[in-house]
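See structure below.
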Amino acid sequence: MVKPMPSPTSLPLRLLDWYDRNARLLPWRARPGEMADPYRVWLSEVMLQQTTVQAVAPYFLRFLERWPSVHALAQAPVEDVMHAWAGLGYYARARNLHKCAQVVSEWREGHFPDDEDALRKLPGIGDYTAAAIAAIAFGRRAVVMDGNVERVMARLFAVREPLPAAKPTLKGHAASLTPETRPGDYAQAVMDLGATICTPRNPACGLCPWMDACEGRKLGIEESLPAKVEKAEKPTRHGLAFWTVRKDGAVLLRRRPPSGLLGGMMEVPSTPWREGGAWELEPARAEAPLNAEWRLLPGLVRHTFTHFHLEMRLATARTGNNPLARGIWCPLDQLGDQALPTIMRKLVRHALAKAY
DNA sequence: TAATCGTGGAT
DNA sequence: TATCCAAGATT
């Protein structure tokens, strides 16, 4: 029995051929032959940073409808952008998105730079996004490295060195394959391949246009690649939030500092989040947004961030018409208009279920 | 360089 | 329930 020889067609061309037959229909993707809109490419790529296609799609469509151009987005109040971004996570992206829109709108007359180096200088655009925009929106040859490309290259070339140390090696391999023609389609093709065929678990090697060339598969180690260094265990932090109901029914919220965790988003006022045990009501009073008769509600709200678990207790109190408090009184029926991240929406739901 | 920074779906 | 992980950027 003769082993089938690899196809004589180059790897990039085989992948482009596969892409022409299998490209996914995504809301931000230009139709074949259509010119890509740099604004849409940029908006989608920023949203897609560390975020799934499924999560991004509705946000992308809402943003595009509300702010159809970079000028429109630049002129929007940043609070509106934060609110529209709520639930998508990594909120620094929303602030940088708005900053970037203002730079492009004001200083560049609405035109995004068409090369990688200039794109890289804009807020919220790093190595990956600069390369992706240059390739997809402007047809430039750029080596686009994301998690998919890293995984595909690690398997194709059987790179055993663990991430993140292996990144330069993997980029070298990616560069060796990146073609001059159709670089935007090629970049999206590798990412589609990683997302649908060369998946982290149970890769569908039988459907892969690069199967015969894959060194990882030849060695039977494809599913163990890319290797990664072990991650530290997540600690658990504890907080106690204060649900304050004014006589007219409004509740007290406040805006978080502009940078750091959940930067610029709204929150239910709370104690600091600390390790080393849950807050009791008595010491927590000192952290309350105002003096009141706090009562501890039953239950616990749990949430997990990138690097720690959070367990929140909830205390409630009622106040008169004009209490002295630092924050924003929000009528119950306007909670949906606030830039509340998911953890805060969980707290609100818990309060509405237990405090009335 | 190594931390920090969200969320939800899949397994 | 616990862990992984996704079209990464910033400091």
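Convention: sequence-line order gives letters A, B, ...; per-chain numbering from 1.
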Next on the checklist: Check whether Trp273(A) forms a cation-pi arrangement with Arg256(A) (NZ or CZ under 6.0 Å from the six-membered ring centre, at most 45° off the ring normal).
Outcome noted: yes

Item to check | Proximity of Trp294(A) and Phe242(A) rings by center, below 6.0 Å | outcome: yes

Checklist entry - Would you say a side-chain N or O of Gln50(A) is under 4.0 Å from OP1 or OP2 of dA6(C)? => result no

Checklist outcome for this item: The salt bridge (charged side-chain N to carboxylate O under 4.0 Å, His left out) partners of Asp337(A) (sequence neighbours excluded) come to none

Checklist entry - Quick one: is His303(A) getting a side-chain N or O under 4.0 Å of the dT7(B) phosphate, OP1 or OP2? => result yes

Checklist entry - Can you find a donor-acceptor N/O pair under 3.5 angstrom joining the side chain of Thr306(A) to the base of dG6(B)? => result yes

Checklist entry - Does Gln49(A) or Asn202(A) map to a spot on DNA chain B nearer the 5' end, using the closest nucleotide for each? => result Gln49(A)

Checklist entry - Nearest 0.5 Å, what's the CG-CG distance between Leu73(A) and Leu43(A)? => result 7.5 Å

Checklist outcome for this item: Contact check, residues 147-176 of chain A vs DNA chain C, heavy-atom distance under 4.0 Å, returns Gly147(A), Asn148(A), Arg151(A)

Checklist entry - Are any of the side-chain nitrogens in Glu267(A) or Arg254(A) under 4.0 Å away from the carboxylate oxygens of its partner? => result yes

Next on the checklist: I'd like to know whether Phe63(A) forms a ring-ring contact (aromatic ring centres under 6.0 Å, His included) with Phe60(A), so could you lay out the CA-CA distance, the side-chain angles of the two residues, the decisive distance to 0.1 Å, and finally the verdict.
Outcome noted: CA-CA 5 Å; Phe63(A) 267 67; Phe60(A) 174 80; 8.9 Å; no

Item to check | Side-chain donor/acceptor of Thr51(A) to base of dG6(B), under 3.5 Å | outcome: yes

Checklist entry - Considering only side-chain heavy atoms of Val53(A), which listed nucleotide, dA7(C), dA9(C), dA6(C), is closest? => result dA7(C)

Next on the checklist: Heavy atoms only, 4.0 Å cut-off, all strands: where does Leu88(A) land among base, sugar-phosphate and nothing?
Outcome noted: base

Next on the checklist: With rounding to the closest Å, how many angstrom separate the P atoms on dA7(C) and dT4(B)?
Outcome noted: 24 Å

Checklist outcome for this item: Judged by nearest nucleotide, the residue sitting upstream toward the 5' end of DNA chain C, Gly124(A) or Ser44(A), is Ser44(A)

Item to check | Side-chain H-bond candidate by donor/acceptor type, His307(A) with Lys234(A), under 3.5 Å | outcome: no

Checklist entry - Of Arg217(A), Arg14(A), Lys218(A), which is the lone residue that meets side chain to side chain donor-acceptor pair (under 3.5 Å) with Asp212(A)? => result Arg14(A)

Checklist outcome for this item: Comparing nearest nucleotides in DNA chain B, the 5'-proximal residue of the pair Gln54(A), Tyr90(A) is Tyr90(A)

Checklist entry - Under 4.0 Å between a side-chain N or O of His307(A) and OP1 or OP2 of dA3(B)? => result no

Checklist entry - Looking only at side chains, do Arg93(A) and Gln49(A) share a donor and an acceptor under 3.5 Å apart? => result no

Next on the checklist: Tell me which residues in residues 18-42 of chain A lie within less than 4.0 Å of DNA chain C, going by non-hydrogen atoms.
Outcome noted: Arg24(A), Leu26(A), Trp28(A), Arg29(A)

